[in-house]
Every structure is written in C-alpha cells, then in structure tokens.
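Have a look at the structure below, then the notes.
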Amino acid sequence: MFRRFILGATLLAATAVAAPAFAQCDTRFTLRNNSGSQVNEFYFGPSSQSSWGRDRLGENVLPNGRSVSYNPGGRGGAYDFKLVWASGETAELMRVNICETSEIIATRRGIEAR
C-alpha cells in the first residue's frame, strides 16, 4: 500500500511539473513574401480573439522576396493570420498551431504555414 502511495505521489508530481511545459512553446515565426506582390498589411493573433487588432507591419510594407520575424510570446495554441496585398486583395489562414509553425509564407495563391 505504501509503495502504491509513493508511486501515485510521484506520478502526480511529474504531471504537475510537466503540465505548464505543454502550455508554453516557441511561438517565434518568420513571415516570408514569395507572392510576387508587395504585402501592405499583416495581422495575426490567437484564434480566440474576435478582431484582427493592429497591422503588425505598422508603417512598413513587405516587398516580394523579403521576410520579417515575429515573437508573439505568450502561450501556444491556434492562431489566425491575414494578409493584405498592395492590390487590396486579402488572404486568411485560420487555426494554425503556432507551436508547430516556424514560417508563414505569402504565396501567389494565399497563405501557407510550415
């Protein structure tokens, strides 16, 4: 009985230590523009948000062939992404696991995550 108690307490302690590690992850990613056109606006945030928030490029634009890195920090989970090209066309990519993604790529067809 005592042995079961020790084993149970050890498993409980290991679970308590491991649980926060799953909530945190490396959320850094690079936006690459391989679309052939200039990206004028870029939005991203947790999928749980109801609005896009601010343009993450700010006063800048992202010319074709260029890239920019971001570190949103915080927790992992599902993120949504939106691009607006110079032509005014838009593309959205929803529910991307930010912990498993290191690149968001603007292509001629839209947005991809890798």
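Side chains are part of it too, since the values below use all heavy atoms of this structure and drop only hydrogens, waters and symmetry mates. What you see is a predicted model; the values in this text were computed from it and never measured.
With sequence neighbours excluded, no residue satisfies side chain to side chain donor-acceptor pair (under 3.5 Å) with T90. Annotation: side chain to side chain donor-acceptor pair (under 3.5 Å) contacts of R28 (sequence neighbours excluded): D26. Residues passing the side chain to side chain donor-acceptor pair (under 3.5 Å) test with S102, sequence neighbours excluded: none. Contacts of S37 classified as side-chain contact (heavy atoms from CB on, under 4.5 Å), with partners at least two apart in sequence or in another chain: S35, W85. Residues satisfying the salt bridge (charged side-chain N to carboxylate O under 4.0 Å, His left out) test with E103, not counting sequence neighbours, are R32. A search for side chain to side chain donor-acceptor pair (under 3.5 Å) contacts involving E92 returns nothing, not counting sequence neighbours. Residues satisfying the side-chain contact (heavy atoms from CB on, under 4.5 Å) criterion with T27, sequence neighbours excluded, are C25, N71, P72, I98.
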Which pairs of donor and acceptor atoms, one on a side chain in residues 48-61, lie under 3.5 Å apart (sequence neighbours left out)?
| unit_1 | atom_1 | unit_2 | atom_2 | d |
| --- | --- | --- | --- | --- |
| D55 | OD1 | F42 | N | 2.9 |
| D55 | OD1 | L57 | N | 3.0 |
| R56 | NH2 | F44 | O | 3.1 |

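Using a 4.5 Å heavy-atom cutoff, the side chains of L83 and N40 are not in contact.
In terms of heavy atoms, G110 sits closest to A91 at CA-CB, 3.9 Å. Between A113 and I104, the closest heavy-atom pair is CB-CD1, 4.0 Å. In terms of heavy-atom proximity, C99 sits nearest to G77 at SG-N, 4.1 Å. Listed here is the closest heavy atom pair of G74 and Q24: O-OE1, 3.5 Å.
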Show your reasoning for whether side chain to side chain contact (heavy atoms under 4.5 Å, CB included) applies to D80 and V96. CA-CA 6 Å; D80 298 338; V96 174; over 6 Å; no
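The stretch residues 104-113 participates, sequence neighbours left out, in these side-chain hydrogen bond (donor to acceptor under 3.5 Å, both in side chains) pairs: E112-R114.
When atom types are taken as modelled, the side chain of N33 and the backbone of R66 share no donor-acceptor pair closer than 3.5 angstrom.
Less than 6.0 angstrom separates the ring centroid of F81 from the ring centroid of F29.
A donor and an acceptor atom, one from each side chain of T30 and S69, are located under 3.5 Å apart.
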